[in-house]
> 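Below you will find the structure I want to go over with you.
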2 protein chains.
Amino acid sequence: MWILLVEDEKQLASSVQRGLEEEGHVVEVMHDGEQAELQGLVNDYDVVILDWRLPNRDGKQILEHWRAEDRTFPVLMLTALSDLDHKVSGLDAGADDYMSKPFSFEELLARIRALGRRSSEMTNTETVSAGPIELDARKHWVKVCGIKRSLRPKEFILLELLLKEPETVFSKTQIAERVWGSPYYVSDNTIEATISTLRQKLSESFEECKEMSFEQSPKVIETIRGAGYRLNSDIVNIEQDTRE
Amino acid sequence: MWILLVEDEKQLASSVQRGLEEEGHVVEVMHDGEQAELQGLVNDYDVVILDWRLPNRDGKQILEHWRAEDRTFPVLMLTALSDLDHKVSGLDAGADDYMSKPFSFEELLARIRALGRRSSEMTNTETVSAGPIELDARKHWVKVCGIKRSLRPKEFILLELLLKEPETVFSKTQIAERVWGSPYYVSDNTIEATISTLRQKLSESFEECKEMSFEQSPKVIETIRGAGYRLNSDIVNIEQDTRE
DNA sequence: ATGTTTTAAGCTTTATTTAAGGTTTTATTG
DNA sequence: CAATAAAACCTTAAATAAAGCTTAAAACAT
């Protein structure tokens with residue numbers, strides 16, 4: 001999932017980030033309220049984790065603004081134990097769940113999962129698939145024609161992104177944000193190189209699918225010049241002429 | 001077992017915690033009613049020990065809420081001797097057993113054991129196993145090919161965790177919580193070192209299994225880079241193709 | 001004093017990014 | 001309408017960085 005974490009205690013933030021990333025999520029961290037607010041106006045995260053006490057703006061203000069602008073992602077609010085009375089006002093403001101610090105990771109993960117289930121993108125399905133490709137983010141595997149393949153973390157998340165919304169074109173900027181967790185510091189070439197190795201692994205895999213004898217490996221990940229990449233979900237119909 | 005202990009008298013709590021940990025359980029302690037309530041909504045403990053008098057919420061309220069939300073773990077309620085009349089209302093509210101303070105530790109252990117036997121995770125099978133590895137949490141032994149092995153406490157609990165849910169990937173953060181009882185203060189390296197010694201002991205053991213002559217010790221505990229560890233339950237099928 | 005756990009250090013393996021040179025497509029211009 | 005230039009993209013290998021492993025020694029606990 002694509003998660004925004006707004007938390008100014010840097011140490012807590014980074015340990016939460018790590019825990020979530022270990023679970024296979026992509027986490028964007030913001031320490032500043034104002035910045036976070038803008039970010040939430042612009043991106044459709046699967047879940048937002050929002051600290052209630054922040055520099056520049058408090059969590060409630062931010063959340064109210066988001067809801068006023070019809071941002072619908074689920075929000076999990078974090079409060080200090082001493083601020084428990086904020087719970088009600090937070091839920092009124094449109095939070096979907098709340099948690100007080102300190103908390104256990106198992107608990108956080110479970111809540112994130114619960115919220116994500118509500119979220120549009122994650123609807124129920126643990127595994128996503130297109131044609132002979134299946135991917136289970138929770139269990140950390142990808143299968144091509146039923147055979148497990150190992151991908152590196154970045155390749156894995158990238159494929160997951162494309163699989164979840166086949167036919168959708170993702171720009172490099174979007175990919176940077178949703179795979180690397182930040183649109184900055186990621187060069188185009190980094191993305192190109194990752195796409196390249198991912199394609200290689202996929203087409204090697206196809207070659208080993210004897211049952212479905214491909215004349216040539218279908219191009220699963222298409223390049224849309226000047227725009228980005230997309231997953232071609234027609235890969236089931238192999239005998240088609242793939243020329244335009 | 002994974003136990004939640006809800007008790008506001010800190011001294012009592014920590015001595016009970018210690019006692020249970022010596023028995024090989026993983027104990028999470030909460031002193032606050034409200035926090036504990038949330039914790040119980042989210043985690044599937046094997047047993048919960050719940051004090052009846054608590055700050056912020058009383059035990060009965062908490063338990064009723066849990067049961068209303070279909071939380072099925074067994075709950076052992078603790079009451080002060082003077083509150084013995086609460087016994088009936090407590091059992092009505094869904095407690096599985098009760099005990100009045102002060103109590104003997106032996107008695108507590110016996111009751112925990114009894115409850116644990118009922119618990120979903122431990123259901124009827126006292127021992128968990130995968131291939132030639134068997135582990136009995138209650139009797140505190142591990143056998144590899146029928147031969148008893150001694151493991152240190154942390155190694156033991158870690159193996160138990162992995163064995164109970166083979167194929168599931170546990171992240172370092174999760175392991176920290178479920179083996180050490182807290183996701184904080186446990187460094188990666190601590191976990192790595194424990195995994196390392198555990199693996200060594202397991203593979204030494206395999207080498208002594210003449211009957212099942214392994215070409216090389218199968219890798220029972222797999223590392224999923226960037227994600228965590230998991231137990232490979234295919235260890236029975238030794239002639240498997242281990243290629244990816 | 002003994003067994004256990006944690007830390008520290010050096011090491012190995014794997015992943016990611018960069019860099020360089022190559023294609024292909026699109027745009028420009030003689 | 002070529003020819004050429006420019007941009008976007010691809011590929012591979014090398015360099016860098018990160019994650020994990022192992023061992024011994026220090027710290028902790030019983």
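Only heavy atoms go into these numbers, but all of them, side chains included; no hydrogens, no water, no symmetry mates. Chain letters run A, B, ... following the sequence lines, proteins first, then strands; residues in each count from 1.
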> Can you build the contact string for nucleotides 24-30 of chain D? Use B for base contact, S for sugar-phosphate-only contact, and - for no protein heavy atom under 4.0 Å.
-------

> Return yes if a side-chain donor-acceptor contact under 3.5 Å exists between B:E155 and B:T197, otherwise no.
yes

> With respect to A:T223, which candidate in A:R230, A:E192, A:R199 satisfies the side chain to side chain donor-acceptor pair (under 3.5 Å) definition?
A:R199

> Run the salt-bridge test on A:K148 and A:D136 with the 4.0 Å N-O cut-off and return the result as yes or no.
no

> Are the side chain of B:H25 and the backbone of B:M1 linked by a donor-acceptor contact shorter than 3.5 Å?
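Yes, B:H25 side chain to B:M1 backbone: donor-acceptor pair under 3.5 Å.
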
> Please check: side-chain N/O of A:N43 versus main-chain N/O of A:Y45, any donor-acceptor pairing under 3.5 Å?
no

> Would you say A:R225 places a side-chain N or O within less than 4.0 Å of OP1 or OP2 belonging to D:dA7?
no

> Round to the nearest Å and state the distance from A:I221 atom CD1 to D:dC10 atom P.
10 Å

> Give a yes or no answer on whether the side chain of A:T190 reaches the backbone of A:V186 with a donor-acceptor pair at less than 3.5 Å.
no

> Determine whether the side chains of B:T127 and B:E134 contain a donor N or O and an acceptor N or O closer than 3.5 Å.
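Side chains of B:T127 and B:E134: no pair found under 3.5 Å.
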
> Only counting residues at least two apart or in another chain, list the ones meeting side chain to side chain donor-acceptor pair (under 3.5 Å) with B:K154.
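Once residues adjacent in sequence are excluded, B:K154 has no partner under the side chain to side chain donor-acceptor pair (under 3.5 Å) criterion.
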
> Using OP1 and OP2 only, check whether a side-chain N or O of A:K172 sits under 4.0 Å from D:dA8.
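For D:dA8, neither OP1 nor OP2 has a side-chain N or O of A:K172 closer than 4.0 Å.
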
> Heavy-atom contacts under 4.0 Å between residues 179-189 of chain A and DNA chain D, which residues?
A:N189

> Using the six-membered ring of B:W2, assess whether NZ or CZ of B:R178 lies under 6.0 Å from its centre and within 45 degrees of the ring axis.
yes

> Determine, step by step, whether A:R149 and A:E208 satisfy the salt bridge (Lys or Arg N to Asp or Glu O under 4.0 Å) criterion, reporting the C-alpha distance in whole Å, the side-chain angles of both residues, the deciding distance to 0.1 Å, and the verdict.
CA-CA 11 Å; A:R149 284 286 139 192; A:E208 291 172 29; 2.8 Å; yes

> Would you check, one step at a time, whether the test salt bridge (Lys or Arg N to Asp or Glu O under 4.0 Å) holds for B:K219 with B:E222?
CA-CA 6 Å; B:K219 45 170 190 176; B:E222 284 180 311; 3.8 Å; yes

> Toward the 5' end of DNA chain D, which comes first, A:T197 or A:A227, by nearest nucleotide?
A:A227

> Using atom CD1 of A:I195 as one end and atom P of D:dT12 as the other, report the distance to the nearest whole Å.
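In whole Å, D:dT12 P lies 15 Å from A:I195 CD1.
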
> For B:R111, check side chain to side chain donor-acceptor pair (under 3.5 Å) against everything at least two apart and list the hits.
B:D97, B:E107

> Please tell me whether A:Q17 and A:E21 have a donor and an acceptor in their side chains that are separated by less than 3.5 angstrom.
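Yes, A:E21 and A:Q17 have a side-chain donor paired with an acceptor closer than 3.5 Å.
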
> Is the side chain of A:D32 donor-acceptor paired with the backbone N or O of A:E34 at a distance under 3.5 Å, no angle test?
yes

> With DNA chain C as reference, determine whether A:R152 or B:I191 sits nearer its 5' end, using the nearest nucleotide of each.
B:I191

> CD of B:E222 versus P of D:dC21: gap in Å, rounded?
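Checked: the CD to P distance equals 12 Å.
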
> Looking only at side-chain N and O atoms, does B:S196 come under 4.0 Å of OP1 or OP2 in D:dT22?
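Indeed, a polar side-chain atom of B:S196 lies that close.
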
> Side-chain N or O of B:Q200 less than 4.0 angstrom from OP1 or OP2 on D:dT23?
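So the side-chain polar atoms of B:Q200 do come within 4.0 Å of the phosphate oxygens OP1 or OP2 of D:dT23, strictly under.
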
> Touch check for B:Y229, heavy atoms < 4.0 angstrom, all strands: base, sugar-phosphate only, or nothing?
sugar-phosphate

> Could you list where the contact with chain B starts and ends along DNA chain C, reading 5' to 3', using a 4.0 Å heavy-atom cut-off?
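On DNA chain C, the outermost contacted nucleotides are C:dT4 to C:dA15.
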
> Whole-Å distance between D:dT11 P and A:E155 CD?
13 Å

> Let me test you: for the helix from C:dA1-D:dT30 to C:dG30-D:dC1, what is the angle between the axes at its two ends (five pairs each), rounded to 10 degrees?
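For the helix from C:dA1-D:dT30 to C:dG30-D:dC1, the axes at opposite ends meet at about 30°.
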
> Touch check for A:T223, heavy atoms < 4.0 angstrom, all strands: base, sugar-phosphate only, or nothing?
sugar-phosphate

